[in-house]
Amino acid sequence: MVLLPRKRPPPPSSTSASAPPPKLLKSTDQVDKMLAILAEAGCTLINPSGPPCLPSPPHHLRSHLHRLFSSSENAAALRSDFIAGLSAYLQSPRNLRRVLATPSCDGTRSESLVRHLLLVPPIQLDLQNLLLQKLPEFFHADSQFSGTPLSLEDDVARLIINQFRWLDFIADPAAFADNLMQVLSICPLHLKREIIGSLPEIIGDQNNKTVVDSLEQMLREDSSIIVPVLDAFSNLNLDESLQEQVITTVLTCIRTVDAEHLPYLLRFLLLSATPTNVRRIIAQIRQQIKFVGISSTLASQHNKFKGKSVMCNTEASIIDALRSSLLFKNMLCQEILKELNSIDKPEDHKVIDIWLLLLIYMNGESMKKRVEKVIKKKIVDKCIPEVMIDQCISGNKDLVQLSLFDNLHIRQGNLIQPLWQVLGALVTHVGSGVSSEVNSALDTIALLSSKYARELIPLSTHINGILDYLEGFDIENLHKVYEVFSQLARLSRSSDGCFGSSIASELLMIIRKQVSHSDFKYKKMGLIGTLKIVSCLGDESNASDTSSSQKSNFEEALELLRTTVDSCKQLCLPMVLFYDELSAMLYHKKLHPEILEWVGKHVGEFESRFLSDLEGGQLTTKDLFCGLEGELWMNLDGDISPVCLSILPLACSSLQSNSPLQILPANFSLLSAVERSTNKGSLGGIDALLGCPLHLPSSKYFFSPGWLSLTVKQKQIACLSLYYAINWIRELLNAFCTQVSGRFECTSQATKEDIIVKLLKRLRNLVFLESLLNYCIRSHHISLPDLHLQVEHSGALVSNSVNDMVHASKRNAHKKTNEKNSPKKKKHKKAASSLEANGKLRQPTIVDVFRKAGAIRSQELSLGDPSTHSSLQGLDSAGGGTLKPKESVVIEIASVAKDIESQRFKFRPLMIQSLILLTLSKKQNSCCSDPSAELPLYLYLLRDLHSKLDYFGPSGKQSSAKCYSVPPGDENCEEHWKGNSASAGNPDVADIVLSKSAVSTMVFKEVLHCFSKMMNLPDIEMHKPVFSDLLQALQPSNISENVCSNSLRSPSPVTIDCLYLGAASFLENAFDIACSFSFMLAAEALLALESVVTSTQIFLDKFEKSAKTGDAVQIHLIIPKLRSRLGTSAQKLLRHNWNAENLETGWKNKGEVVQKIVRIYLQNSEAKSDLLDELACSILPQVSSSRSSSEDVDHGFPTLCNATFVVWYRTLHEVNLSILNKLVKEVVHSAKSRAGSDPASIEKNLIQIQKSVDVVVSLVNICRTYDKVNVHAMAVNYGGKFVDTFLKAFDFLQAHFQAYKELIIQLVKELQKATRTIQTLCSEAKGLKQTAITSKIPAAKRSMERYLFRVKALLHATSSGCTFWMGNLKHKDLAGQVVSSQVYVEDQNDNAEEDLAESADEDQSVRDSTAVRETEEEEE
């Protein structure tokens, strides 16, 4: 039935004009009644100045009308009169617009009168019908007649529809839906589309069946409304049957729908796919869509007459719809590949199959290999012939270019059009500020510039946007940017176009400005840009590739080099960066001879600047430098040495300004690079520098009496001289190790052997100098100058342990600050800081302020005053002795140089090639029969390798350098070291402490640590030769007999499974030996064994599909075996009875190591839950209860003591939480898949959850006997997380409550014990203002509140005879004693607002308690 508007009455005749007709009188009467009702409600309908005036607040109007039309005696009559009067009033279009308009009051818009009336339930349906009847009157008052679209205020039909949107309720949904659908069927197209799109907002989720049936019928009659219909279907909350009905309806529209609407239809189908219907949807899409490119002729005709092919636009939209849908739902990719794999006949394949495969390939790395495999198989089987590929590309070359960025070369002639869009998107990514996004975008732009540089030249304006982001780039990204611009500038100089000349000119202008800038940040950009341009323009192959009207490329590069050097002459850091970048470029590039000649002349000044002549191997003069005598150190060439390195004279002459010594190492690096470039890799022209002596302060100053006699300035000169000497030797090692590494075959064997001997001696010099400098800086701290800036290609790998040490010092400072600010010590600190030694008050000086800020060390101040030399006797010199008069310096050669470690990033780095010294040392004949004398050399290089691996390893906390307290040295070992040291030219200025056992332990520890780091490198398993070599490095001698005896196939040590087993066996043997004398070494062996076990799992995950079946089976079989052996070793380490000697420094600072061991033990045990339950419920409480007693409890784990209790406590919490997380995921997954209905598995899961609950209850209740604040904080933190995870299993508990009622109730009651203890901890922490705990309270409280109401909902929903009640808990402390008052006495000076807030939180927390009580049915 169609509701049509009533016809208006005919106009009255002239004979009856004097008397109004009865109907008019009646309608006037009804309007008056309606106006009276509204006026009584506070609404003035007749308002000449605008829309009706509504009362304030408007809900009073709705409330009054609701009472009047529902509760009054004549409600029905009033309701009828009101609707009749309103209908009569709305006969006028002007009146209808007035009641539909939204009035504006004080600049804000409110609801219309009709909108308020629709929210009155008794009259809602009548008013809805009245408005729907008025709707057809305004069907055609639109742009068809006016020529322009009507605004919303003038379009009455849209105003009426807007009244129905987002109503708070619908009184009669079925009747309203029926009436709306009847009117909708006769609406014009534009209004029909708007109403259909608004149906979810108008009707909501009610009467979905009616809506779907009506829309389905309309869709059959008119497919042009497909887009709003799909929009409505997407926004309706449909059940399974209706969703399948909708999918079927939409699938039938694929053939009939217009091409422009097809992308919307495909996107809807694919995003609505479920596992049950996805194959049907994919099959229909493949069958119905004829995706064949149009011919080039037809495309050109379309482009000629219409601008661009409509077909091309449509197909591009379809491709985009498919791509976005596949990206959103990974299930679609899997099912499409399954569908295509199931098709065998060539005639069943279609063009769209190629597009689907390409889109899946583009959507992610995870599917690429599978797609490649499918495509190769289809091509081999001739299922995808060449003609099908032609059909895919023909007429769609622009589409292919846009969709397949890797295939831009398909149509190079028309590349410019899509490429500017790609460049714009890439530049946008460059400016995102996200490091990974920036790196990827720059890599892509660099790839484009290398392949399509000429095509990019006309688009340079799009690339220039990158220059706006230079300030935020690191050095690596600056290299990428300037590499792109340098390539474009080089090509532009060889072309005569205007674009090319502008690129080169603009780039050179920008770089010159940056180089001349005073700020080092911009100068650094200019230096990198300069050298990138030089590497492009100065390349020998490109040097003459220019147009006739310009300078040659090498001339331009040479001029730029001169300008850069002139601007940096007086600045050390820019010159260091310039030299390092130029050295790296010479290592990889072959420059034009004239550029090499200029660089050679520039570095030719090295001799005159840094070297001094010798006569007979001795200094010609004995001058004093700043009062310091000098002497030659470390002369390897003896009397035949012609020159020496003038470190002391230069250090004294430039103490107050930029020292040329700061650029010495970088200058020598460039000198050696030039020598290699011009001499076929040989350094024969500068080999005298390897053995030449160093002019340093006299060795007598490094004895205690001589050191104490020096002034502050002289000590500074002495420290800097040692520092520059260290970095000089480091660069010598970097340069001359290339002569023996095998890369340059230009050195004779005799020369090689001589170089090797000198390199090993220089390495001894380096170890000695660093130990001596560390000792000097401990007594006189100075800030060392920067000699190195990190660049990615220089081999500079700075240890993250430096940062860890800095962060550690900051944490210690923060801790001290907290102690100073504690309430107990604050007043005492303030008073003490303002008192002198004699008790008198004094004014703080500027020196005090600097010392407090950390800018000046108190030691440094005391050293600056000659009268305070006696204070040196009290200096702490852990690891190096004390500075006392008439005593020699004591140096531990093998210990870590802690005092210079925080400034290690300023040192010149050792290159990777210097590690070849590890292999050279054993080949040389030692001066003695004791090989342990060379262990310090191995240790030094291994520590450097350690730092490099920390840089390359996964992000996270890196282990900082650890140091043993070296026991008294072995006499033989020390004597052998001293003999070798003397032959290397080291002065005898110190007592050497060198313990053979301690050094051996540290070397082995570093070897194991480096092995672990290498095993944990990302994707190390992908490099099979390197990975196999790494495993073969740690193999027992009898690998084939003992290790692989249990393999399924014949033993072979080259198979990967035997290599894994061999490495594990070797590490187990090392572990067993280390357990007898060193805890730290045993722990390192265990961690190395863990890295092997972890690597096996990674190897299996990455190669299970691609590896041979035998390999996969073997790896799969050895993993459980290795895990069992790892868990056994961890248990042995934890149960071993360690004495003080084996612990080196006791349990102090071993918390992190113990935590890792405990985690390994728990995670690799066969019964994790049982072991966790035993530790948490039986063993850990013994330690907490015995903390106050003097008797030691033998619980079987000597590593569990008061010093390590916190570590064990945290680890047990974390492992228990991870076990519960895994259990919850299992039960949730089984519930979804309906595979967990087996009663045995359900009961097993409940028992496992019960064990986790028992563990957390025991751990939390330990806080009642253990009073450490950090333990209480962990209990609150992990307890809250446990409850939060436990809540995720409540659906599982509710589903099986009837069958396992007693077990589930026991779970809830048991967990309640922990929540009550957590409540008590929270209350006490707030009262005592323990911030370590209070920061964890809000999250824990929220979890426990949710737990409270979920328990209540569980018991009420099941209604199984269980009673739930909630009330206030008594306020008790951790000992269980009732506290008389919950109000703590606070300091009157504290913040009052904070007290009020905490009191409010405390009152709220008392309510967060539950009690569950089971009442048997017999007792009810």
Should we say atom NZ of Lys329 is surrounded by more than 12 heavy atoms from elsewhere, each under 6.0 Å from it?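 For Lys329, atom NZ is crowded (more than 12 foreign heavy atoms under 6.0 Å).
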Rounded to the nearest 0.5 Å, what separates atom [atom1] in [X] from atom [atom2] in [Y]?
X	Y	atom1	atom2	value
Ile318	Leu266	CD1	CG	6.0 Å
Cys187	Leu180	SG	CG	8.0 Å
Ile196	Arg193	CD1	CZ	9.0 Å
Ile170	Gln128	CD1	CD	6.5 Å
Gln243	Thr276	CD	OG1	9.5 Å
Leu131	Ile160	CG	CD1	6.0 Å

Looking only at heavy atoms, which two atoms of [X] and [Y] are closest? And how far apart?
X	Y	result
Ile37	Leu78	CD1-O, 4.2 Å
Leu118	Leu167	CB-CD2, 4.2 Å
Lys33	Asp81	NZ-OD2, 3.7 Å
Phe176	Ile202	CE2-CG2, 3.7 Å
Arg79	Pro122	CD-O, 3.3 Å
Leu113	Pro52	CD2-CG, 4.0 Å

Do [X] and [Y] touch side chain to side chain, with heavy atoms closer than 4.5 Å?
X	Y	value
Val156	Pro93	no
Leu45	Val99	yes
Arg94	Arg97	no
His66	Pro121	yes
His116	His59	no
Leu1311	Tyr1347	yes
Val1224	Phe1292	no
Thr248	Leu251	no

What residues form a salt bridge (charged side-chain N to carboxylate O under 4.0 Å, His left out) with Arg67, not counting sequence neighbours? none
Lys/Arg-Asp/Glu bridge criterion (N-O < 4.0 Å) met for Arg1346, Asp1284: yes
Working note: Met181 + Ile203, criterion side chain to side chain contact (heavy atoms under 4.5 Å, CB included); need CA distance, chi angles, decisive distance, verdict. CA-CA 11 Å; Met181 291 299 144; Ile203 299 180; 4.0 Å; yes
Does anything in residues 74-94 pair up under ring-ring contact (aromatic ring centres under 6.0 Å, His included), and if so which pairs, sequence neighbours excluded? Phe69-Phe82
Applying ring-ring contact (aromatic ring centres under 6.0 Å, His included) as the test, list every pair that has at least one member in residues 214-253; sequence neighbours left out. none
Output, in order, the C-alpha distance, side-chain angles, deciding distance and verdict of side chain to side chain contact (heavy atoms under 4.5 Å, CB included) for Ile195 and Phe164. CA-CA 10 Å; Ile195 295 176; Phe164 299 142; over 6 Å; no
Would Arg1350 and Asp1291 count as a side chain to side chain contact (heavy atoms under 4.5 Å, CB included) here? Give the steps. CA-CA 10 Å; Arg1350 287 302 298 271; Asp1291 292 336; 3.4 Å; yes
Contacts of Phe1290 meeting ring pair (Phe, Tyr, Trp, His ring centres under 6.0 Å) (sequence neighbours excluded), chain-then-number -> Phe1286
Residues passing the side-chain hydrogen bond (donor to acceptor under 3.5 Å, both in side chains) test with Ser241, sequence neighbours excluded, are Asp239
Name all residues meeting the side-chain hydrogen bond (donor to acceptor under 3.5 Å, both in side chains) criterion together with Glu244; count only those two or more places apart in sequence or in a different chain, and write none if there are none. Asn277, Arg280
Can you list, pair by pair, the side-chain donor-acceptor contacts under 3.5 Å of residues 214-223, counting residues two or more places apart and other chains?
from, atom 1, to, atom 2, distance (Å)
Ser214, OG, Thr210, O, 2.9
Glu216, OE1, Gln245, NE2, 2.8
Glu216, OE2, Arg220, NH2, 2.5
Glu216, OE2, Thr249, OG1, 3.4
Gln217, NE2, Glu221, OE2, 3.1
Asp222, OD1, Ser224, N, 3.1
Asp222, OD1, Ser224, OG, 2.6
Asp222, OD2, Ser224, OG, 3.0

Strictly distance-based, threshold 3.5 Å: is any side-chain N or O of [X] a donor or acceptor partner for the main-chain N or O of [Y]?
X	Y	value
Ser272	Leu269	no
Gln163	Leu159	yes
Ser87	Ile83	no
Gln124	Phe169	yes

Salt bridge (Lys or Arg N to Asp or Glu O under 4.0 Å) pairs, two or more places apart, involving residues 114-129: Glu111-Arg115
side-chain contact (heavy atoms from CB on, under 4.5 Å) involving [X] - partner list, sequence neighbours excluded:
X	result
Leu270	Ile281, Ile285, Leu322, Ser325, Leu332
Ala157	Leu135, Phe138, Asp155, Leu191
Ser234	Phe268
Gln1294	Leu1354, Ala1357

Please determine, by modelled atom types, if Asn95 and Arg98 share a side-chain donor-acceptor pair under 3.5 angstrom.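 No, no side-chain donor-acceptor pair sits under 3.5 Å.
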Can you check side chain to side chain contact (heavy atoms under 4.5 Å, CB included) on Thr256 and Ile226, steps first, answer last? CA-CA 10 Å; Thr256 59; Ile226 183 67; over 6 Å; no
